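Heavy-atom basis, side chains included; hydrogens, waters and symmetry copies ignored. The model shown is predicted, which means the values in this text are computed figures rather than measured ones.
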Amino acid sequence: MPIRMPEQIVHGDLLGNVLFADGLPPAVIDWPAYWRPVAWAAAVAAVDAMVWHGAGAGVIERWAHLPEWGQMLLRAAIYRLGTWDAAGWPQEPEEPYRPVVAEIVGFAAGQTRSSQVT
């Protein structure tokens, strides 16, 4: 599905690259730059939070106000799954991603149906 959203330089892996310490501002330790919509970067963080940090599917609804959110989630999941070998995973990450992808597909399908209702 084509989207029309402004793009800019965004962080492609924010969730795993911010350090926190008492009394100090957060520190970004790596900056993988991508030219994408801002909502895509948020979607990558949401997918990572659900897959690797135990965040529930509520994170999907939390950010649902972002433009093209369903598409951004789908694209973030595809990005993560499509680059698994470059990330150094010893095997395909099918097991941790399966329930997250199911939630994302359900959400995106619901958004598509809602947008088609006139």
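The side-chain contact (heavy atoms from CB on, under 4.5 Å) check on V59 picks up A46, M50, W63, with sequence neighbours excluded. Judged as a side-chain hydrogen bond (donor to acceptor under 3.5 Å, both in side chains), and not counting sequence neighbours, the contacts of N17 are D13. Here R98 pairs with E94 under the side-chain hydrogen bond (donor to acceptor under 3.5 Å, both in side chains) rule; sequence neighbours left out. In this view, Q8 and V10, V38 satisfy the side-chain contact (heavy atoms from CB on, under 4.5 Å) rule, not counting sequence neighbours. A search for side-chain contact (heavy atoms from CB on, under 4.5 Å) contacts involving A64 returns E61, W69, F107, not counting sequence neighbours. With sequence neighbours excluded, the residues satisfying side-chain contact (heavy atoms from CB on, under 4.5 Å) with A57 are E103.
Closest approach of P96 to W52, counting heavy atoms only: CG-CH2, 3.6 Å. The heavy-atom pair separating A45 from L15 by the smallest distance is O-CD2, 3.6 Å. For the residue pair P67 and A39, the shortest heavy atom distance occurs at O-CB, 3.8 Å. When all heavy atoms of V47 and A77 are compared, the pair lying nearest together is CG2-N, 4.2 Å.
For residues 14-31, the set of pairs meeting the salt bridge (charged side-chain N to carboxylate O under 4.0 Å, His left out) definition, not counting sequence neighbours, is empty. Pairs passing the salt bridge (charged side-chain N to carboxylate O under 4.0 Å, His left out) check and including a residue from residues 39-58, sequence neighbours excluded, read D48-R80. Under the salt bridge (charged side-chain N to carboxylate O under 4.0 Å, His left out) criterion, no residue pair touches residues 33-43, with sequence neighbours excluded.
Residues L73 and L81 are members of one and the same hydrophobic cluster, defined by side-chain heavy-atom contacts under 4.5 angstrom among Ile, Leu, Val, Met, Phe, Trp and Tyr. Residues I78 and I104 do not share a hydrophobic cluster, defined by chaining ILVMFWY side chains whose heavy atoms lie under 4.5 Å apart.
Ring geometry for Y34 against W40 counts as tilted: the plane angle lies between 30° and 60°, on a 0 to 90° scale.
For the pair P37/M72, a side-chain contact is recorded, criterion being any heavy-atom separation below 4.5 Å from C-beta on.
Hydrophobic cluster membership for L24: none, as no Ile, Leu, Val, Met, Phe, Trp or Tyr side chain comes under 4.5 Å of it. The hydrophobic cluster around F20 extends to I9, L14, V18, V28, W31, W35, counting ILVMFWY residues whose side-chain heavy atoms fall within less than 4.5 Å of a member.
Note that CE of M5 is 10.0 Å distant from CD of Q71, once rounded to the nearest 0.5 Å.
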